[in-house]
*Asks:* 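The structure that follows is given in the form of structure tokens.
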Amino acid sequence: MSCPLRYATKRQLEPNISSYPVAREVIAQAVANTWDRALRVSAGEMTLEELEKANLDLVIWLQETFTGANPHFSCESEFNGRRLAELMRDNMRSEIEASNPAVDFDDDESVMFSVFAYFVSEIFVVLKDAQAATRGLKGNPQVEGFIDFWSLRLTGAPSASDFKKE
């Protein structure tokens with residue numbers, strides 16, 4: 001991941017999580033790491049409890065990263081710090097409610113935790129549906145589509161599901 005350069009000081013900046021290429025790389029790595037953990041569980045190298053802990057750690061890491069709390073990434077404070085939670089609340093309410101009926105929609109942290117918990121659970125769904133065990137991740141159109149969709153969603157770019165028929 002290349003880091004932008006602040007020309008006035010010649011200091012390198014952290015990659016900006018609100019830029020599509022950076023977000024896409026993070027999402028793609030989350031999918032690849034989740035796939036690797038699933039393979040480790042099926043090979044007996046990792047327990048289900050370890051997998052659950054790793055999934056929770058990923059949810060928390062993604063939440064911190066995309067809300068601007070991860071010091072290894074820069075962000076757009078207005079978007080990542082406030083607007084992203086509003087956007088997720090507006091565009092994902094039904095998915096969030098279905099996966100976590102106890103979510104407090106008035107609490108941005110609760111909303112974002114629920115968004116990333118839903119995202120991590122959806123990784124397993126897409127890996128199964130995309131037949132990742134036989135087709136792999138690279139060049140798999142369903143996996144690539146999932147990565148693109150979430151990268152667009154998490155950077156505030158409109159995706160097809162944002163255009164609801166009235």
*Asks:* Quick one: are Asp129 and Phe124 in side-chain contact, heavy atoms under 4.5 Å?
*Replies:*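 Not touching, per the 4.5 Å side-chain cut-off.
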*Asks:* Show me the pairs that pass side-chain hydrogen bond (donor to acceptor under 3.5 Å, both in side chains) and involve residues 27-40, at least two apart or across chains.
*Replies:*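 Those involving residues 27-40 are Gln29-Asn33, Thr34-Arg37.
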*Asks:* Locate the shortest heavy-atom distance separating Cys75 from Gly68; write the atom from each residue and the value.
*Replies:*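 Nearest heavy atoms, Cys75 then Gly68: SG-CA, 3.6 Å.
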*Asks:* Using a 3.5 Å distance criterion without hydrogens, assess whether the side chain of Ser19 forms a donor-acceptor pair with backbone atoms of Pro15.
*Replies:*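 Not confirmed, Ser19 side chain does not pair with Pro15 backbone.
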*Asks:* Which donor-acceptor pairs under 3.5 Å do side chains of residues 135-148 form with protein atoms, sequence neighbours excluded?
*Replies:*
residue : atom : partner : partner atom : Å
Asn140  : OD1  : Gln142  : N            : 3.2
Asn140  : ND2  : Ala130  : O            : 2.9
Asn140  : ND2  : Gly136  : O            : 3.0
Glu144  : OE1  : Arg24   : NH2          : 2.5
Asp148  : OD1  : Tyr20   : OH           : 2.7
Asp148  : OD1  : Arg24   : NE           : 2.6
Asp148  : OD1  : Arg24   : NH2          : 3.1

*Asks:* What closest approach, in Å, do Ala23 and Thr155 show between heavy atoms, and which atom pair accounts for it?
*Replies:*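 Shortest heavy-atom contact: CB-CG2, 3.5 Å.
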*Asks:* Hey, what do you get for CE (Met92) to OG (Ser114), rounding to the nearest 0.5 Å?
*Replies:*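 Here the rounded value is 9.0 Å.
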*Asks:* Are Val41 and Val125 co-members of a hydrophobic cluster defined by side-chain heavy atoms under 4.5 Å apart?
*Replies:*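 No; tracing contacts between hydrophobic side chains, which count when under 4.5 Å, never links both residues.
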*Asks:* Is there any ring pair (Phe, Tyr, Trp, His ring centres under 6.0 Å) pair reaching into residues 74-118, and which pairs are they, with sequence neighbours excluded?
*Replies:*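 For residues 74-118: Phe66-Phe116.
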*Asks:* Sequence neighbours left out, what passes side chain to side chain donor-acceptor pair (under 3.5 Å) with Ser18? Give chain and number order.
*Replies:*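 For Ser18, the residues satisfying side chain to side chain donor-acceptor pair (under 3.5 Å) (neighbours in sequence not counted) are Asn16.
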*Asks:* In Å, rounded to the nearest 0.5 Å, how long is the span from CZ of Phe119 to OG of Ser99?
*Replies:*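 Output value for this atom pair is 13.5 Å.
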*Asks:* Taking only residues two or more places apart in sequence, or in another chain, which ones meet Thr47 in a side-chain contact (heavy atoms from CB on, under 4.5 Å)?
*Replies:*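 If we apply the side-chain contact (heavy atoms from CB on, under 4.5 Å) test to Thr47, skipping adjacent residues, the hits are Glu49, Glu50.
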*Asks:* Show every salt bridge (Lys or Arg N to Asp or Glu O under 4.0 Å) that has at least one partner inside residues 103-122, sequence neighbours left out.
*Replies:*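 Sorted result for residues 103-122: Arg89-Asp108.
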*Asks:* Among residues two or more places apart or on two chains, list those pairs meeting side-chain hydrogen bond (donor to acceptor under 3.5 Å, both in side chains) that have a residue in residues 62-71.
*Replies:*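 Residue pairs passing side-chain hydrogen bond (donor to acceptor under 3.5 Å, both in side chains), neighbours aside: Thr65-Asn70.
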*Asks:* Taking salt bridge (charged side-chain N to carboxylate O under 4.0 Å, His left out) as the definition, give me every residue that meets it alongside Glu78, ordered by chain and number, with sequence neighbours left out.
*Replies:*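 If we apply the salt bridge (charged side-chain N to carboxylate O under 4.0 Å, His left out) test to Glu78, skipping adjacent residues, the hits are Arg82.
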*Asks:* To the nearest 0.5 Å, what is the distance between CD1 on Ile17 and CD on Glu76?
*Replies:*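 Separation between the atoms: 11.5 Å.
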*Asks:* Applying salt bridge (charged side-chain N to carboxylate O under 4.0 Å, His left out), name anything that partners Lys128, two or more places apart in sequence or on another chain.
*Replies:*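 Applying salt bridge (charged side-chain N to carboxylate O under 4.0 Å, His left out) to Lys128 gives none.
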*Asks:* Roughly how far apart are Leu58 CG and Ile123 CD1, rounded to 0.5 Å?
*Replies:*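 Nearest 0.5 Å value for the CG-CD1 distance: 6.0 Å.
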*Asks:* Tell me, do Val115 and Leu84 make a side-chain contact under 4.5 Å, heavy atoms counted?
*Replies:*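 They are not in side-chain contact.
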